Amino acid sequence: MQIYLDHAATTPMLPVAIDAWQLAAAEIGNAAALHAAGRNVRRIVEESREQIAAAVGAHPAEVVFTSGATEADNLAVLGIARARRAADPRANRVLLSAVEHPAVHAAAWQLAAEKFEIVEIPVGRDGGLQLAALQAEMAANPVQVALLSCVWVNNEIGVIEPIPAVCDMAATAGIPVHSDAVQALGVLPVSFNAVAAELSAISISAHKVGGPVGVGALLVRRTTPIVPISYGGGQERQLRSGTLAAPLVASFAAALDEVVRERTARVAALYKLRNKLTQGLIALGAEIIGGVSEMELPPGETSDASAIGLATPVELCRPTQAPHICYALFPGHRAETLLMLLDDAGVAASAGTACSAGVVRPSETLLALGYPTRAALSGVRFSLGWTTTQDDIATLQAVLPTVLARSKAAI
Amino acid sequence: MARLIAALSGGVDSAVAAARMVDAGHDVTAVHLALTRNPALHRSGSRGCCSLEDAHDAKRIADALGIAFYIWDISEQFHSEVVDNFVAEYAAGRTPNPCLRCNERIKFAAMLQRALALGYDGLVTGHYATVQRDATGGVTLHRSRDIAKDQSYVLGVMNSLQLQHSYFPLGDSLKSEVRAEAAQRGLLVADKPDSYDICFIADGDTGGWLANFLGSRPGIITDETGETLGTHDGIYRFTIGQRKGLALSRPAANAQPRYVLGIDAASNRVTVGAKERLAVTVLQCSAPIFCGSNPPTVWEGSVQVRAHAPEVAATIITTDDTERVLVQLHSPIIGVAPGQTAVCYDGSRVVGSAMITATS
């Protein structure tokens, strides 16, 4: 029996997304072509763009399709920073949180080779961005800051960063903000235009919301200075080139539409599942990041616990914890061994970070939170999604004691 | 049926070894060892098993066999047990064999122990050697059928317990048969070159690699009378029997080539002399490991001092405390360096091994 608890890596495609993909895949034509077939495919693309824009509170012209969130992150970080400095040579600094996805982190450090100064804003022990530190960096000399990039929900531990507060600070200083919103989409009420005018760009990905792998988008305002990072036909607003993949964007739109419409009920179910999982893991000696405190819902959610189906008002996570990610530290264990034993027991989980050779690395996020290397090698990320059931959690809890006993012996 | 871990290097031998155990009905899980935290991207020639390409090849072999595949990061232990030891031995003027050390401390120790702790019954590797199991559960290690590929030498550090849990399915095969079988099975690594060099020295330049750790340690090169003939940049750049790279200021009186006869770490001095002065007939060895029951105190067998070196008949004497071994060779051999391992054979059977500490 397969228990899939790696939805933050990729979540199974929703049936509506598979249907939409199949329908669009049967169509002929390049969306850029002028003939009837081309127009027909173009219509699929533009309807999908409008559907996605509506789902995330953006204007269709603000949706730039990419191959995924990694490309969107690169386009935002490289494209905005370069455009800003071209307009004003003083804009030479890029600020980012210390818990960025590698797609943002590596893109930012690529800018270091272009003589940009990269500043990582520290996070607290809970993973939350230290706003005072951010304020100090921005206030010192705001014209020097080309871009601030802060992840909305961290992909490893699921901490929700205070994006509205970050945008407020940036607004005062006139600094554009980019956020990787991949793990927030479908979980939080992500609305591009509702957050703040200073939220200049966000990256989203289809396959984390039940759409296909291979498509994502950068939502970017029409007024945001940005230059392309790759060149060709300029199909997407002269910012991104390449033939538009109609089946992928149609499938993305179908998935996102369903996920956003059903978000409140899904989030309530995910919190319940996470709480059950968290209780079981704590009983087995795990330390849960984003762990134990009285629950409040993320900004914009209804705060009545019973309304979203929670049994008691006291729940097991911080207000800044996303419901679909549960990062557990198992002191004295190695994630590499735990993942192998879990896989053997039919449970798919992950350690958040693996190098290209497949070696489990100390979690960069945990290191940024101030945990020592050994602890950062002992963490397992269980991530939940639309197929997760109470039985899945129960099965995991049934196999874990044996897994932990064997893992302990293998140290 | 046993639950086995197959160590997949990404090469042809371990691939066929794993395939045979799958065919035999065993429950096999593949593991590739990550021995360095900073692997090279691609394979270069015959230096193998530490690149991302090798890890990828190993994964594809597991896919082809339909078995689960994992990477075990054993780089910390590999570094402390094998790499650090390698550097320290050269710094002490000895010539270590890191493959033996890896088998003793990593593959058939750390890796095997982890496999057993995780509930597996043993380890499968692609070594060319044979384990014979008798009715009482006793195990003995033997040379492989393919004498040219025989790897029993580098396994001479295994004790009975390690042998009991080890499976070498290629022991009765020729390398050519293994390659043919890999091709017939459709494994993409069927034509991959064999690995010969030290896996963690990417460009094969051992001296240059050691220099990164040990730096420049200039000293002198003398003849046997103590007369200075030249200088060197570090004793770790030399091994007993070496002829090339001495850069001596003047030729020998008889114009014959000179060879490294001795390396003295205490005085940081390298001694050179004529080839015939390299011949030794006595090996003093320490810390023996017996691959099975202990041999008699004095016995007649044969000894091999390097992988693929010829076997030489010898009288082998173990001290009463089994701490030391004295090997009296029946015919002289040349180019034996302290730090090398003497592996003792009784016919095809590997009796044990010990590190050479001195020769005469």
Side-chain angles (χ1 to χ4, degrees), chain A residues 1-6 9 102 106 109 330 332-364 366-367 372-381 398-411, chain B residues 3-10 27-43 48-63 67-79 109-121 123 165 199:
Chain A
M1 181 163 164
Q2 276 295 318
I3 309 293
Y4 186 76
L5 296 174
D6 201 14
W109 282 99
F330 293 93
H333 294 266
R334 291 161 54 119
E336 176 183 278
T337 306
L338 291 172
L339 293 180
M340 176 178 174
L341 291 164
L342 285 168
D343 187 30
D344 192 45
V347 177
S350 80
T353 317
C355 81
S356 42
V359 173
V360 174
R361 299 283 180 146
S363 159
E364 291 293 339
L366 267 282
L367 295 176
T373 304
R374 201 149 290 284
L377 279 166
S378 75
V380 174
R381 180 186 69 182
V399 303
L400 263 175
T402 311
V403 164
L404 290 171
R406 284 208 162 141
S407 155
K408 198 90 186 170
I411 291 299
Chain B
R3 292 190 77 221
L4 301 171
I5 292 285
L8 289 189
S9 67
D27 177 3
V28 180
T29 296
V31 168
H32 177 77
L33 291 185
L35 299 178
T36 166
R37 286 269 165 86
N38 301 301
L41 197 55
H42 298 293
R43 223 181 125 82
C49 83
C50 287
S51 72
L52 296 185
E53 198 174 317
D54 291 304
H56 170 84
D57 288 348
K59 164 80 169 63
R60 295 293 297 132
I61 291 159
D63 290 342
I67 60 178
F69 173 83
Y70 303 95
I71 305 247
W72 285 359
D73 176 8
I74 216 142
S75 55
E76 232 168 80
Q77 287 132 298
F78 185 76
H79 207 276
M111 185 183 198
L112 177 58
Q113 279 161 19
R114 200 192 287 192
L116 296 178
L118 293 178
Y120 292 89
D121 303 314
L123 193 61
H165 294 288
C199 71

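Just so it is clear: chains get the letters A, B, ... in the order the sequence lines come, proteins before strands, and each one is counted from 1. Keep in mind that what you see is a predicted model, and the values were worked out from it rather than measured.
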Greatest number of heavy atom pairs closer than 4.5 Å to chain A - which of B:Ala115, B:Ala58, B:Ala110, B:Ala117: B:Ala117

Test log, rule side chain to side chain contact (heavy atoms under 4.5 Å, CB included), inputs B:Arg114 and A:Glu336: CA-CA 12 Å; B:Arg114 200 192 287 192; A:Glu336 176 183 278; 2.5 Å; yes

Straight-line distance of B:Leu118 CG to A:Asp344 CG, nearest 0.5 Å: 9.0 Å

B:Arg3 CZ: over 12 foreign heavy atoms closer than 6.0 Å: yes

Heavy-atom pairs under 4.5 Å with chain B, option from A:Leu339, A:Val403, A:Asp343, A:Thr337 with the top count: A:Asp343

Shortest non-hydrogen contact from A:Met340 toward B:Thr29: CE-CG2, 4.1 Å

